[in-house]
Protein chains: 2
Amino acid sequence: MSVTIKDVAQRAGVSISTVSRVINNSKPVSNEIRQRVLQIIEETGYTPNPVARSLVMKKSQLIGVIVPDISNFFIGEILNGIEEIGKMYTYDILLCNTYGDLEQELRYLKLLKGKQVEGIVLMTWDLQDKLIDYLTDCEVPVVLINRNTSRLDVPSVSIDNFQASYDMTTYLIQNGHKEIALIRNSLDSNTFCMDQYNGYKKALEENGIEINENLVQFGNFKLDKAYEIVKEWIHSDKLPTAIFATSDTMAIGAINCLLDHGFQVPNDVSVTGFHDTKMASFYRPTLTTIRQPLYDMGAVAIRMIIKIINKMEVNEKVVILPHELVERKSSGPAYL
Amino acid sequence: MSVTIKDVAQRAGVSISTVSRVINNSKPVSNEIRQRVLQIIEETGYTPNPVARSLVMKKSQLIGVIVPDISNFFIGEILNGIEEIGKMYTYDILLCNTYGDLEQELRYLKLLKGKQVEGIVLMTWDLQDKLIDYLTDCEVPVVLINRNTSRLDVPSVSIDNFQASYDMTTYLIQNGHKEIALIRNSLDSNTFCMDQYNGYKKALEENGIEINENLVQFGNFKLDKAYEIVKEWIHSDKLPTAIFATSDTMAIGAINCLLDHGFQVPNDVSVTGFHDTKMASFYRPTLTTIRQPLYDMGAVAIRMIIKIINKMEVNEKVVILPHELVERKSSGPAYL
DNA sequence: TTGAAAGCGCTAACAT
DNA sequence: ATGTTAGCGCTTTCAA
C-alpha cells in the first residue's frame with residue numbers, strides 16, 4: 001500500500017486539508033506546520049494520487065493524440081513536439097494509432113473522451129465528413145494538424161499548402177520544365193490535398209501550361225503506390241521531365257522506380273518531395289522538398305490545446321506556419 | 001455535465017449497484033431489469049467514468065512507455081506493436097520521450113508511477129547503472145526492450161545480438177572480406193552493444209582474422225557520426241573493404257560518405273546495417289541488414305507487461321526473438 | 001436478485 | 001490558520 005494524504009496528516013498531527021493546502025499551496029499555512037508536513041512528505045515519499053485528484057477536479061492532465069501511423073517519419077517528428085511541450089505544461093500524452101481508419105478514429109475519439117482527456121490533437125490522412133460530423137458536437141476541445149475545413153470551426157495548425165505547392169511548381173517551371181507531373185493524395189476536399197492541387201494548377205496556368213490530367217495521379221502517401229505510378233508512365237512512354245510528389249516518401253518511391261529503370265535523377269527527370277523529413281537528407285540524391293516545421297507544428301498544436309483547456313485567449317484558431325523550399329540534388333534544369 | 005451511474009439508476013428506477021452489476025456483468029441481475037438499464041444506458045449515452053473506476057479498483061488501465069526518440073524509425077515501428085496490442089487488451093499508452101537523457105528517464109519513471117500506470121515499457125540507448133539501481137526497487141513492473149543485464153532480474157525482449165552480429169560478420173568473411181570495420185555504439189556493458197562486439201570478434205577469431213582496433217569505432221546511432229568515421233578512414237587511407245554498422249542509420253551515413261567521396265557501394269566497399277527499418281529498403285542501394293521483428297518486439301513486450309500485471313504466468317522473462325540476415329544490394333564479394 | 005452504505009484519495013466549501 | 005465534512009463516480013461488501 002502506498003502512502004496517502006491521510007497517513008501524512010496523521011503522522012504530522014494535522015488534518016488532511018492542511019496537508020492538501022501545503023501540497024497545493026492553495027491557502028496560507030503557518031510556517032511551522034508547513035515545515036513539519038513537508039518533512040513527513042519527504043520521509044514517507046508521499047506523492048498525491050492523481051487519479052483521486054482527477055476525480056474531484058475533473059481534470060486529468062491528459063491530452064489524447066490520435067495519429068494514423070506512429071512509425072511514419074513525418075508524424076514521429078510532430079509527436080516529438082507534442083510530447084515535449086505537453087510535458088512542459090505537465091500534461092501527459094495518451095497515444096492512439098488509427099492506421100488511417102475512420103472507424104478507429106471514431107472509436108478512439110470516444111475512448112479518449114471516456115478516459116477524461118482534457119483535449120485531443122487529431123491527425124488523419126483523410127478528414128472525412130463523418131469525422132467532421134462527430135467533431136462538430138464533441139465537448140472536448142480538438143486541434144487538427146495539417147487539416148482544416150471550411151465546414152468546421154475547429155482550430156488547426158498547418159502550413160500554407162496552396163502556396164507551398166505553388167512555389168514548388170513554379171520552381172520547376174523556372175528550371176525549364178513543362179511536363180510536370182503531380183503525385184498527390186486524397187480527393188478529400190476538406191484537406192490540404194486540394195490546396196496542393198490548386199497551387200500546382202495555378203502555377204501551371206500562370207505560365208500558360210495546360211494541365212495534363214494523365215500526369216496527375218493519386219499516391220496516397222505510399223512509396224509503393226508512387227513507384228507503380230511512375231512505372232506506368234515509363235511503360236506507356238509518358239514520362240514527364242519533372243515529378244512533384246506531395247510527400248518525401250512518395251518522391252523516394254518515384255526516384256527508386258526511375259533508378260531501377262535506368263533513368264538518372266535529376267539528369268533525366270527531376271523529382272521533388274514535400275515535408276522535409278529526415279529521409280530527405282539521408283537519401284541519395286538528397287531531396288529537393290518543402291520544409292515543414294514538423295516539430296513546431298506539434299508544439300504549436302499542443303500549446304493551442306492547452307490554452308483552450310485553460311480558457312486562455314487564443315489569438316488565431318487557424319495557425320499557418322512558414323514553409324520553405326529546400327533545393328537539394330534531386331532536381332535540376334529540364335533536359336532541353 | 002455528463003451522465004453518471006446515478007442518473008442511469010434514477011431513470012431506471014433501480015439502485016446504482018444494480019447498474020454497476022449490469023455494466024460489469026459482475027453479479028446476476030434479472031433479465032427484465034437488465035434490459036431496462038441497458039435501454040437507459042443506450043438512451044443517455046452513458047459511459048462509466050474510468051477515473052472513478054480506477055480510484056476504487058486501483059487499476060488505471062494505463063501503461064507507460066518510455067522511449068529515447070519517438071521519431072526514430074526503429075522506435076516508431078516498435079511503438080506500433082506496443083500500441084496495437086495494448087489497445088487490444090484495453091490498456092492505453094502514456095508516452096514519454098527522453099532524448100536518451102538519464103535524468104529524463106529517471107524523472108519519467110517517477111512521473112509514471114505517480115500517474116498510477118500499471119506497468120512500464122522502457123527503451124533506452126544506454127542502460128546506465130543509476131537506472132538499474134532505480135529499477136531494482138521499483139514497485140511497478142517494467143519490461144525492457146532490447147536491453148538486458150545480468151545485474152538485474154528485469155524481464156526483457158530482444159534478439160540474440162551476439163548471434164546476429166556473428167552472422168553478419170561471418171557473412172562478410174564468406175564474401176571474401178578480411179578488413180571488416182565495425183561501427184558500434186555505447187561501451188555500456190549492460191546492453192547488447194557488447195554482445196554485438198563479441199559476436200563480431202568471435203567471427204573474426206574463428207576465421208583467423210586479427211582485430212584491427214582502428215577499424216572498431218563508436219557511432220552512437222548517429223548518421224553524422226558514422227559519416228565522420230568513414231571520412232576519417234578515407235583521409236587516412238585506411239578504408240576497409242567492408243563496413244558493418246550496428247544500425248541502418250549509421251550504415252546509411254557510411255554509404256553516403258563513400259558515395260560523396262566517389263566510392264561505389266558495394267563494388268569498392270560493402271556496407272551492412274542492423275534493424276531493417278523501412279529505410280533499409282527505401283534507400284539505394286538497398287541495405288543488407290539484420291532484420292529484427294520490430295513490431296513483434298513491441299507486441300511481445302506489452303503482452304508480457306500485461307501478463308505480469310494480471311499475475312499470469314510468464315514462461316520466460318528474457319524473450320529472444322528470431323533475427324534474419326537480409327541480403328540486399330549494399331554488400332557483395334570483396335574486391336580481390 | 002436487489003439495495004444501502006462504506007470507502008477509494010483527494011479538493012473545496014464551510015465552520016471554527 | 002486549521003479542522004470538519006461533503007462529495008467526485010464508481011465497486012463491493014453486507015443485509016435484506
Side-chain angles (χ1 to χ4, degrees), chain A residues 1-41 44-62 90 111 113-118 139-140 310, chain B residues 1-41 44-62 90 113-118 139 310:
Chain A
M1 236 6 256
S2 65
V3 20
T4 74
I5 196 173
K6 228 172 172 174
D7 303 325
V8 176
Q10 214 154 40
R11 292 187 48 161
V14 298
S15 74
I16 59 168
S17 5
T18 303
V19 177
S20 173
R21 277 164 200 142
V22 354
I23 54 187
N24 295 306
N25 261 308
S26 46
K27 290 246 171 130
V29 172
S30 78
N31 225 294
E32 187 204 1
I33 292 195
R34 152 169 279 112
Q35 291 313 320
R36 192 156 76 234
V37 171
L38 253 19
Q39 163 106 15
I40 303 285
I41 289 178
T44 54
Y46 165 75
T47 51
N49 180 335
V51 175
R53 193 177 256 171
S54 290
L55 183 59
V56 26
M57 310 231 293
K58 294 172 181 323
K59 288 195 68 61
S60 61
Q61 293 293 120
L62 248 31
T90 71
L111 186 143
K113 262 167 65 175
K115 281 276 176 181
Q116 313 297 108
V117 298
E118 299 182 37
E139 310 91 37
V140 180
N310 296 305
Chain B
M1 236 5 257
S2 65
V3 22
T4 74
I5 197 172
K6 229 174 173 170
D7 303 325
V8 176
Q10 215 153 41
R11 292 187 49 161
V14 296
S15 74
I16 59 169
S17 358
T18 303
V19 177
S20 173
R21 277 163 200 142
V22 353
I23 52 187
N24 295 306
N25 259 307
S26 47
K27 289 248 173 130
V29 173
S30 78
N31 223 293
E32 186 206 0
I33 291 193
R34 152 167 282 112
Q35 292 312 323
R36 192 158 74 235
V37 171
L38 253 20
Q39 163 103 18
I40 304 286
I41 289 178
T44 54
Y46 165 74
T47 53
N49 180 334
V51 175
R53 196 176 252 173
S54 289
L55 183 59
V56 25
M57 312 233 292
K58 296 174 180 321
K59 289 194 67 55
S60 61
Q61 294 292 118
L62 247 33
T90 70
K113 264 167 63 175
K115 282 275 177 184
Q116 312 299 106
V117 299
E118 299 182 36
E139 310 92 39
N310 296 304

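Residue numbers start from 1 in every chain, and the chains themselves are labelled A, B, ... in the order their sequence lines are given, proteins ahead of strands.
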Practice item. Please tell me if the side chains of B:Arg53 and B:Asn24 come closer than 4.5 Å, counting only heavy atoms from C-beta onward. Key: yes
Review point. Just by protein heavy atoms under 4.0 Å, how would nucleotides 10-16 of chain D read 5' to 3' in B, S and -?
Key: BBBB---
Please determine if a side-chain N or O atom of [X] lies less than 4.0 Å away from the OP1 or OP2 oxygen of [N].
X: A:Ser54; N: C:dC10; answer: no
X: A:Thr18; N: D:dG3; answer: yes
X: A:Lys58; N: C:dT11; answer: no

Exercise for review: To the nearest 0.5 angstrom, please state how far the NZ atom of A:Lys115 sits from the OG atom of B:Ser60.
Suggested key: 7.0 Å
Exercise for review: Output the distance between atom OG1 (A:Thr47) and atom CD (B:Gln116), rounded to the nearest 0.5 Å.
Suggested key: 7.0 Å
Rounding to a whole Å, what distance do you find between [X]:[atom1] and [N]:[atom2]?
X: B:Lys115; N: C:dG9; atom1: NZ; atom2: P; value: 18 Å
X: B:Gln116; N: C:dG9; atom1: CD; atom2: P; value: 9 Å
X: A:Lys59; N: C:dT11; atom1: NZ; atom2: P; value: 14 Å

Exercise for review: Starting from the 5' end of DNA chain C, give me the residue, B:Ser15 or B:Leu55, whose nearest nucleotide shows up first.
Suggested key: B:Ser15
Point to revise | Derivation and outcome, side-chain contact (heavy atoms from CB on, under 4.5 Å), residues A:Asn49 and A:Thr4 | key: CA-CA 8 Å; A:Asn49 180 335; A:Thr4 74; over 6 Å; no
Review point. Do A:Thr18 and A:Ser15 have side-chain N/O donor and acceptor atoms under 3.5 Å apart?
Key: yes
Exercise for review: Have a look at A:Val51 and say if it touches a base, only the backbone sugar-phosphate, or nothing, with a 4.0 Å heavy-atom cut-off.
Suggested key: nothing
Practice item. Please name all residues satisfying side chain to side chain contact (heavy atoms under 4.5 Å, CB included) with A:Ile16, sequence neighbours left out, ordered by chain then number. Key: A:Ile5, A:Lys6, A:Ala9
